[in-house]
Amino acid sequence: MAIEVTDDLVCHIARLSRIAISQDDLKELVSHFERILAFVGELQSLDTRDVEPSMFSVESTNVDREDIVCASLGRTESLANAPESNGTFFVVPRIVGGGSEAGPGAPVQMEEDGAEGAA
Amino acid sequence: MTKSKSDPTDGTPFEAVIGLEAHVQLKTRSKMFCGCENRFGAEPNTLVCPVCLGHPGSLPVVNRQAMEWAARVGLACGCEIARFTKFDRKNYYYPDLPKGYQISQYDLPICNGGEVEVHFANDSGVVRRKIGLVRIHLEEDAGKNIHAEARPESWVDLNRAGVPLLEIVSKPDMHTPEEAGAYLRMLRLIMLYLGVSDCNMEEGTLRCDVNISVRPRGSTHLETRTEIKNLNSFTHVENALQHEITRQMKIKARGEKIVQQTLLFDPEKGETRVMRGKEEAHDYRYFPEPDLAPWIFSEEWIESLRKSLPEMPAVRLQRFQGALGLSPYHADVLVRDVVMAEFFEEALETYDKAQSVANWVTNVVREESNARGISAKEIGISPARLAGLVRAIDEGKVSNQKARDVFKAMLGNTRAVAEVIGELGLEQISDDSFIRNAVKEVIGKHPGPVEDVKKGKENSINFLVGQVMRQSKGKANPGIVLKLVKEELGV
């Protein structure tokens, strides 16, 4: 089934990805999306009735490790690649609402939309 | 037993429907997908590496212990353990999630189904209920955000990012705040028995989201629900539910509709408020995690895990009440404290009068450990020596009252019970002729009360017994004193 790529769909994906896009970007992205989907859509022409769904590209399972502690990075090194830090923490635009206790699955809540430019 | 909370739907035409999502941090030594130490309270951003920081090119590797523990929890809850399971990416952007996705499980969780047996006391006695589970899956925890004071910024500590987290999803099987509280307490106990998590709500190793709807009593239809996120104490769970159930009933009573939304509970004000957030934020675009191979649990592996399960709380409770004949109260108190229950069972190896030992363990031992904020095993008296003391009481060698002094004197050393009793001069006197003499003396000194007793005033017997006890400096066996006072007075 074909997905209709609309301005709204692209804006929705941009918001989920926290990427600010302009009107000009939007036009270009709509056409990109369409081309990518058309390309991948060619797969739809294949008959996959008797093919098992694939979950992983190699045939290995249970790739694991023992529960052993290894050395972590030092703090200087761990913060080194951050756009902004204060020497102890990573610094990000102020988060409102949920906050530190939000944990996994919390809705995205930043004070301003498109705030990623601030970092 | 948990203290009874009032049910806000009592006396109304409504019934609440409650489901819980609990997040339990596993206490593995290292994180879920990397070798960073899993430890609470370390200096911020010191337990991190390229994997849990989400650096490009780094690859996760599954911690086998976490997989085993997840299956172990599932087996303890009677879940079906998936023979084939895999991880998926749950995509959302948040500052505490360095990769922009959380490694979680979507359609093939480790555990399916299962149930948790809970018990709690209410007005109609002890209620036992089975709460169904939908699933249990394994995922990674996010980091922690801290809000800077007086600065337009937030700070992120990623020590917690990548810590193994079990998500346990119940069926909407609960109907009152107290049931939800009892369920969560039992989940915690199961984790403690299995030794897979500390479930310390203050440290956030147990967290909880609740789903609530309200429907006309007798209906089986599931109505529009709200979700309250991040409740981090048992009391908050119960209070938030009370508040939300009441709020929804008021709305329904006015004939209005409930709006599906995510709420936060403010424990200070005791009320919920709407969490700002767009609906589209729930579009997680799950897909299979391409960096992790699928996982297969063999039959043999599952069987060996099943065999290694310890006795679980619900079974232990039955055994304590049934085979050991403990009162429901004492059985419950012991079962809720893993260390105290072990202490109790070890004491029974020395002296097998279970109820006598249970009385002492749940009163004196518990008081001592609570007062000093340490476990029963750390208070400085071995289970065997405590058992010896209880035996001495039962055999009338020391009174129950004076035994507390003996107990205190036995802490922090290895001296035998008899020796301590002797040294403190607290041997109970059970010698009939000695006590009878004291009784006669007291009767002679107090003609007034003696007359009262003969007229039928029961209280005066206690007065006379008290006098004999006083005269013997508390050493006389009170049971024998009472018996002899009655004999001498012919009542």
Side-chain angles (χ1 to χ4, degrees), chain A residues 11-13 15-19 53-79 81-82 84-113 116 118-119, chain B residues 23 28-30 35-37 43-50 53 61-67 86 91-96 102 104 139 141-142 144-148 152-158 165 204 207 229-230 232 262 264 275-278 280-283 288 290 292-296:
Chain A
C11 288
H12 172 67
I13 300 293
R15 273 196 299 274
L16 288 179
S17 312
R18 304 206 56 74
I19 295 171
S54 126
M55 314 260 182
F56 197 59
S57 51
V58 255
E59 295 223 340
S60 46
T61 60
N62 297 42
V63 180
D64 62 9
R65 61 181 184 85
E66 297 286 334
D67 183 22
I68 291 168
V69 174
C70 304
S72 294
L73 296 177
R75 190 192 271 149
T76 317
E77 220 180 334
S78 59
L79 297 173
N81 295 313
E84 197 182 340
S85 84
N86 61 11
T88 307
F89 293 100
F90 294 92
V91 174
V92 297
R94 189 171 182 81
I95 305 159
V96 294
S100 65
E101 304 82 10
V108 176
Q109 288 162 53
M110 305 282 279
E111 205 154 47
E112 304 154 35
D113 263 346
E116 64 284 337
Chain B
H23 286 105
T28 48
R29 285 187 284 264
S30 65
C36 288
E37 191 181 357
E43 281 294 303
N45 296 307
T46 55
L47 304 178
V48 290
C49 74
L53 288 173
V61 185
V62 166
N63 183 335
R64 191 186 315 140
Q65 181 76 87
M67 296 300 285
K86 68 169 169 76
N91 299 280
Y92 67 94
Y93 278 85
Y94 208 69
D96 55 19
Q102 177 194 26
S104 180
E139 58 188 27
D141 208 345
K144 250 183 182 171
N145 302 319
I146 294 144
H147 304 297
E153 61 190 35
S154 293
W155 300 339
V156 186
D157 171 13
L158 294 176
L165 199 62
R207 312 194 289 273
K229 283 219 163 268
N230 292 308
N232 58 4
T262 305
L264 279 179
M275 208 166 160
R276 221 152 52 90
K278 299 184 182 80
E280 65 191 5
H282 291 287
D283 185 353
L292 291 168
W295 187 271
I296 290 171

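We use all heavy atoms of the structure for the numbers below, so side chains are in, but hydrogens, waters and symmetry mates are not. Owing to the predicted nature of the structure, the values given are computational and were not obtained by experimental measurement. Below, read A as the first sequence line, B as the second, and so on, with proteins coming before strands; counting in each chain starts at 1.
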If every non-hydrogen atom of A:Ser60 is compared with every non-hydrogen atom of B:Ala293, which pair is closest and at what distance? O-CB, 3.4 Å

Residue part contacting chain B, namely of A:Ser57, when any heavy atom lies under 4.5 Å: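 Neither part.
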
Which atoms of A:Phe90 come close to chain B, meaning under 4.5 Å heavy atom to heavy atom: side chain ones, backbone ones, both, or neither?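 Answer is both: backbone and side chain atoms of A:Phe90 are under 4.5 Å from chain B.
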
Find the one option among A:Asp67, A:Val58, A:Val69, A:Asn86 whose heavy-atom pairs under 4.5 Å with chain B are most numerous.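 Top count of heavy-atom pairs under 4.5 Å with chain B: A:Asp67.
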
Mind checking what makes side-chain contact (heavy atoms from CB on, under 4.5 Å) contact with B:Glu153, not counting sequence neighbours?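 side-chain contact (heavy atoms from CB on, under 4.5 Å) list for B:Glu153, sorted by chain: A:Glu84, A:Val91, B:Ala148, B:Arg151, B:Trp155.
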
Contacting moiety of B:Pro44, where chain A heavy atoms sit under 4.5 Å: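 Contact with chain A involves both backbone and side-chain atoms of B:Pro44.
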
Return yes if a side-chain donor-acceptor contact under 3.5 Å exists between A:Thr88 and B:Asn45, otherwise no. no

By salt bridge (Lys or Arg N to Asp or Glu O under 4.0 Å), which residues pair with A:Asp64, not counting sequence neighbours? B:Arg64

Salt bridge flag under 4.0 Å for residues B:Asp283 and A:Arg15: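 Salt bridge between B:Asp283 and A:Arg15, a charged N being under 4.0 Å from a carboxylate O: no.
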
Among B:Leu53, B:Ile296, B:Thr46, single out the residue with the greatest number of heavy-atom pairs under 4.5 Å to chain A.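 It is B:Ile296.
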
